[in-house]
Student: 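Take this structure first; my questions come after.
Lettering of chains follows the sequences in order, A, B, ..., and the numbering in each one begins at 1.
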Amino acid sequence: MITRKAPTALAAVKKRTGETKTMSIYDTLNERQKEAVLQTEGPVLILAGAGSGKTRVLTHRIAWLIDRCGVDPWNIMAITFTNKAAGEMRARVDQIVGFGSEKIWVSTFHSSCVRILRRYIDRLGYDTNFTIYDTDDQKTVMKDVCKRLQIDVKMLKERTILNAISSAKNECMTPEEFARAEDGDFTGKRIAEAYAEYQRTLRRNNALDFDDLLLKTVELFKTCPEVLDSYQERLRYIMVDEYQDTNTVQFELIRLLAAKYRNLCVVGDDDQSIYKFRGANIRNILDFEKVYPEAKVVRLEQNYRSTQNVLDAANEIIRNNVGRKEKRLWTDKGAGSLIHFRQFDTAYDEAEFIAQDIGQKERRGALEYGDCAVLFRTNAQARLLEERFVTEGIPYDVVGGVNFYARKEIRDLLSYLKTVDNGSDDVAVRRIINIPRRGIGATTIARVQEYANERQISFYDALREADQIASLGRSAAKLGSFVMLIQSLRAKVEHYGIAGLLRDIIETTGYVRELEDSDEDDAESRIENIDELMNKVVSYEESHEEASLSGFLQEVALVADIDNVSQEGGRVLLMTLHSAKGLEFSDVYLSGMEDGLFPGYLTITSDDPAEMEEERRLAYVGITRAKKELTLTCARARMVRGETQYNMVSRFLREIPESLLDHKLPDRKVWEWESGETLSFGSSYGDGVFVTGGRRREGSASMSDSWGHEGGAAVAGGRKPSSDGFYTASAPEDGIGQTRPSVDTRPRPKAVWAPRRTAEENKPFLTKASAGLSGLSKGAPAGGRPDYEEGDRVRHIKYGEGTVTKIEEGARDYQVTVDFDSAGTKIMYAAFAKLRRV
DNA sequence: CGTACTAGTCTTTTT
DNA sequence: GACTAGTACG
């Protein structure tokens, strides 16, 4: 049981005095960290602020347990959220523990559960070779369920139902419990029915979704005490990373595992809890001491990552949150640079600045691409930045967006692999049965499905009996050849391995050939993705002694995008704030720091103050990624969902003391555009947002004449077009000024003023847009070419008259160069210059 | 059965 | 604006 290992953890260190003395790795820890490492028995809560060396503490703690306490590595478990974190943990543990480290159970929640379920799930009536459904598969299943239950997906969307089911599962609720809790409410009842039917379908397909992996493990532990006991005996020392992100099922799982020995050490930072939407329950960390009254609590507040200025900014922001454990990060590194702040007219300017700034610094040697990241709130913001990075020739990688394994071509090929591996995955079989086109249509598929349902067999098994299905007629032959194809692939797997199988599939289906012949412009990148998949197969086969198709598919099912990110690529990383958690960079750019974007509308208008706190934590996470330089940027105008939004500076920026910033924040009541225009807001209305443009809906003739005349009544939120053609808000209930797509909006831009509802100020808002505003209508970004040409005489409100010498079409807007009679030559954006032809 | 066009939705964040 | 699902038509 006890394996004492050689003292690899001890390092000989040369002291300053010159004498050589044996000193342990533990001496490099600070007092607090040491405390956390040495407290090996009983429950421990480590409140680890950002950059306070928590991974170091965890790995050293593991080493200590093995080295000094004689704990068998076999009895230790370290659990994380992402494969990447698990991999890093594993590597660092290997480094300091040496012999025996491979026996430590280091893995994610999800893969831990898969590992347990592969062994024991038959006790719950599932087959141990179950398949794992991802979000896409879930939707396919739910679509079917809705059809069967005759749920109108227009009233109740699949996604909504799935979200409700996911929340229920995260709270450990069975369909029966869910149904009981939802008595009365019609929608709730329907969701409950859908939940039950969905679960039945999954079971029939021998499939589990992500949430089930956790839930079924808990269920297994509760119904089979002997199984639980065997794991309790094995996993005597449990460590959980990112504990603030655990949800109720995860909490329960850990609670069960640790119930016998109670050696549970959780590490987390309540200020970095940003996954509430995924069911994370911040109470798990806040109430840890209530659940484990004997818990030892250690606070790690010394930060080894950032400069004091960065930390001060983060501290000042986060202290506006109420529901948190008081902490204050500090460093002995010194103040460092001021935090950079810039505001731009448009999101294009912002992106351009970031790309150029990074390029310049790199050329100057002030920055390395590989140690630099640009962060944003929503994935959609990446595109603009990408464009700029391409033009500036800066190497970059975008993290996230569409997961590699969620791409169509990858899913198609994986479905083939799944079908060959195991025909019971109906979703996979049905996905590929007509890829490439085999003339098998919806009717045929429905008939086969019907046959399968009647006989309680899988879709694939029904296909094999196609000639028995009378209703099929001639189509049966097509199905027969599909089955033949799969069978022959199956027969060959043994011989040529997974890579060979994939190659064969690509060959016989002509998948790549079809792409090569297609004139779609993303065909090339799809082929690249397929090559990438092939690489992954090959490297899987190389790194696994007993590579199997099932093993590969299982591994692939639990991969997240962040898992594949390398910081060693020498490329700038573009990603969401969520993806950035756990990473650090010397230079960090936080873009889109605007009210309405970050924090987003939904948060601003929410009645639940907890949402704003979560958003603030996200800001905190973003800022604390920076080691040295932090640049915060925002734009006055940006396109969001095809509409131009005019946003004020993010309230989070205003929570940073001005003394920490290199540029003053703009006055929140006046906007000054580069053209010299100013736009002032009513005195005490706080920050707000303008939205212009809106979708052109040509079909709705009933509205087309009403705009600017009597049409106001049809506009949502009680807005009316004012005399100068702009919608101004007359106290919309929700405080949002965004034009709704359901409302007819004429092509010409209009602006809507929607103030933030402040605690102190909730009176009617301004009713008349200021004069300067009207100019915005002339060539708002969404609009077309300005109504003047090169050579035309124009008048600018500030610079007077001049001649247009150049009009350049930019990505979205027109850049106009004007020779002014008295003010000289100016280059400006058509959208904001508000030039009038004279 | 397949294609081409239209309408609607989306954008918060993801294991 | 972009993507997707749904529909009309060949």
Side-chain angles (χ1 to χ4, degrees), chain A residues 79-86 107-114 132 134-136 139 143 153-154 157-160 163 166 169-170 209-214 242 245-247 249-250 273-280 375-384 399-403 405-406 408 434 437-445 474-475 478 522 557-563 575-581 592 596-604 606 611 614-615 617-618 621-622 638-645 693-700 738 740-742 781-782 811-812:
Chain A
I79 200 155
T80 63
F81 275 85
T82 65
N83 294 301
K84 187 162 185 262
S107 93
T108 66
F109 273 102
H110 291 271
S111 34
S112 297
C113 289
V114 171
I132 301 166
D134 65 16
T135 343
D136 252 43
K139 204 174 169 199
K143 242 190 208 160
V153 291
K154 278 184 187 124
K157 274 168 261 152
E158 295 100 329
R159 207 49 273 145
T160 317
N163 284 337
S166 180
K169 287 182 176 178
N170 286 332
D209 65 21
F210 281 129
D211 301 317
D212 282 340
L213 295 176
L214 302 162
E242 306 280 16
D245 289 331
T246 52
N247 60 33
V249 203
Q250 287 158 339
S273 164
I274 54 173
Y275 284 109
K276 188 178 171 207
F277 69 93
R278 207 168 64 193
L375 311 181
F376 35 78
R377 180 67 239 266
T378 65
N379 275 309
Q381 290 166 253
R383 182 165 307 148
L384 218 52
V399 181
V402 189
N403 187 326
Y405 291 102
K408 200 189 294 162
N434 201 30
R437 299 208 169 85
R438 301 187 171 94
I440 301 168
T443 343
T444 310
I445 292 174
R474 285 194 311 273
S475 316
K478 298 174 191 161
D522 59 349
L558 295 173
V559 174
D561 216 46
I562 189 75
D563 294 335
M575 67 187 127
T576 62
L577 289 156
H578 282 87
S579 301
K581 188 158 69 95
L597 192 66
F598 183 40
Y601 281 112
L602 294 171
T603 312
I604 293 173
S606 167
E611 290 194 25
E614 172 125 333
E615 206 85 343
R617 289 193 289 270
L618 203 48
V621 167
R638 92 168 52 231
M639 280 282 244
V640 177
R641 288 156 95 204
E643 294 174 320
T644 303
Q645 261 185 24
R695 150 197 325 264
R696 180 175 186 143
R697 312 279 287 310
E698 280 175 319
S700 23
Q738 201 161 2
R740 295 268 123 233
S742 57
R812 186 95 49 182

Student: Please report, rounded to the nearest Å, how far the C1' atom of C/dC3 is from the CZ atom of A/Arg159.
Tutor: 16 Å
Student: So which one's nearest nucleotide on DNA chain B is more toward 5', A/His578 or A/Ser475?
Tutor: A/Ser475
Student: What does A/Thr444 touch in the nucleic acid at a heavy-atom separation under 4.0 angstrom: a base, only the sugar-phosphate, or nothing?
Tutor: sugar-phosphate
Student: Can you figure out which of B/dC10, B/dT12, B/dT14 approaches the side chain of A/Ser579 most closely?
Tutor: B/dT14
Student: Between B/dT13, C/dA2, B/dC1, which nucleotide has the shortest distance from any of its atoms to the side chain of A/Arg383?
Tutor: C/dA2
Student: Say whether A/Ser107 and A/Ser112, considering side chains only, have a donor N or O and an acceptor N or O under 3.5 Å apart.
Tutor: yes
Student: Which part of the nucleic acid, if any, lies within contact of A/Phe81, taking any heavy atom under 4.0 Å across all strands shown: a base, the sugar-phosphate backbone alone, or nothing?
Tutor: sugar-phosphate
Student: Starting the side chain at C-beta, find the nucleotide from B/dC10, C/dG1, B/dT13 nearest to A/Thr378.
Tutor: B/dT13
Student: Atom pairs under 3.5 Å, N or O on each side, protein against nucleotides 2-4 of chain B: can you list them with distances?
Tutor:
| residue | atom | partner | partner atom | Å |
| --- | --- | --- | --- | --- |
| B/dG2 | OP1 | A/Gly439 | N | 3.3 |
| B/dT3 | OP2 | A/Arg437 | NE | 3.2 |

Student: Let's test your reading of the model: under 3.5 Å, does the base of B/dT15 pair with the side chain of A/Arg278 as donor and acceptor?
Tutor: no
Student: Between A/Phe277 and A/His578, what is the ring plane arrangement, given parallel below 30°, perpendicular above 60°, and tilted in between?
Tutor: perpendicular
Student: When you measure from the side chain of A/Asn170 to the backbone of A/Arg278, do you find a donor-acceptor pair of N or O atoms at a distance under 3.5 Å?
Tutor: yes
Student: Kindly say whether A/Leu558 contributes a backbone atom to a donor-acceptor pair with the side chain of A/Asn83 at under 3.5 angstrom?
Tutor: yes
Student: For A/Lys276, answer base if it contacts any base atom (sugar-phosphate contacts may also be present), sugar-phosphate if it contacts only those atoms, and nothing otherwise; contact means non-hydrogen atoms under 4.0 Å.
Tutor: nothing
Student: Once you apply a heavy-atom cut-off of 4.0 Å, does A/Thr135 come out as touching a base, just sugar-phosphate, or nothing?
Tutor: nothing
Student: Using side-chain heavy atoms (C-beta onward) and a distance below 4.5 Å, is A/Phe598 in contact with A/Leu577?
Tutor: yes
Student: Using OP1 and OP2 only, check whether a side-chain N or O of A/Lys478 sits under 4.0 Å from B/dC1.
Tutor: no
Student: I would like to know whether A/Lys276 and A/Glu611 meet salt bridge (Lys or Arg N to Asp or Glu O under 4.0 Å); could you show each step before the answer?
Tutor: CA-CA 9 Å; A/Lys276 188 178 171 207; A/Glu611 290 194 25; 5.4 Å; no
Student: Applying salt bridge (charged side-chain N to carboxylate O under 4.0 Å, His left out), can you list everything that pairs with A/Glu614, at least two apart in sequence or on another chain?
Tutor: A/Arg617
Student: Check the distance between B/dT13's P and A/Gln381's CD and give it to me in whole angstrom.
Tutor: 10 Å
Student: Can you tell me how far P in C/dT4 sits from the matching atom in B/dT13, rounded to whole Å?
Tutor: 15 Å
Student: Can you tell me the distance, in whole Å, between the NZ atom of A/Lys139 and the P atom of B/dC10?
Tutor: 9 Å
Student: Please confirm whether the backbone N or O of A/Arg437 pairs with a side-chain atom of A/Asn434, one donor and one acceptor, at under 3.5 Å?
Tutor: no
Student: Respond yes when some side-chain nitrogen or oxygen of A/Asn379 is under 4.0 Å from OP1 or OP2 of B/dT13, and no when none is.
Tutor: yes
Student: Can you tell which of B/dC10, B/dT11, B/dT12 lies closest to the side chain of A/Arg377?
Tutor: B/dT12
Student: Do A/Tyr275 and the base of B/dT14 stack face to face, with centres under 5.5 Å apart and an angle between planes under 30°?
Tutor: no
Student: Regarding A/Leu558, tell me which of base, sugar-phosphate or nothing describes its non-hydrogen contacts under 4.0 Å with the strands shown.
Tutor: nothing
Student: What is the distance, to the nearest angstrom, from the CD atom on A/Glu615 to the C1' atom on B/dT12?
Tutor: 7 Å
Student: Distance check needed: B/dT12 P versus A/Gln645 CD, whole Å only.
Tutor: 11 Å
Student: Kindly point out which of B/dT12, B/dT15, B/dC1 is positioned nearest to the side chain of A/Thr82?
Tutor: B/dT15
Student: Mind calculating the distance between CE (A/Met639) and P (B/dC10) to the nearest angstrom?
Tutor: 19 Å
Student: Quick check: on DNA chain B, is the nucleotide nearest A/Ile445 upstream (toward 5') of the one nearest A/Val399, or the reverse? Name the residue that is more 5'.
Tutor: A/Ile445
Student: Does A/Thr576 have a side-chain nitrogen or oxygen under 4.0 Å from the phosphate oxygens OP1 or OP2 of B/dT12?
Tutor: no
Student: Going by side chain to side chain contact (heavy atoms under 4.5 Å, CB included), name the residues that satisfy it together with A/Thr378, two or more places apart in sequence or in a different chain.
Tutor: A/Ala380, A/Gln381
Student: Find the distance A/Glu611:CD to B/dT13:P and express it as a whole number of Å.
Tutor: 15 Å
Student: Between the side-chain atoms of A/His110 and the base atoms of B/dT15, is any donor-acceptor pair under 3.5 Å?
Tutor: yes
Student: Please report the distance, rounded to the nearest Å, between OH in A/Tyr405 and P in B/dT15.
Tutor: 13 Å
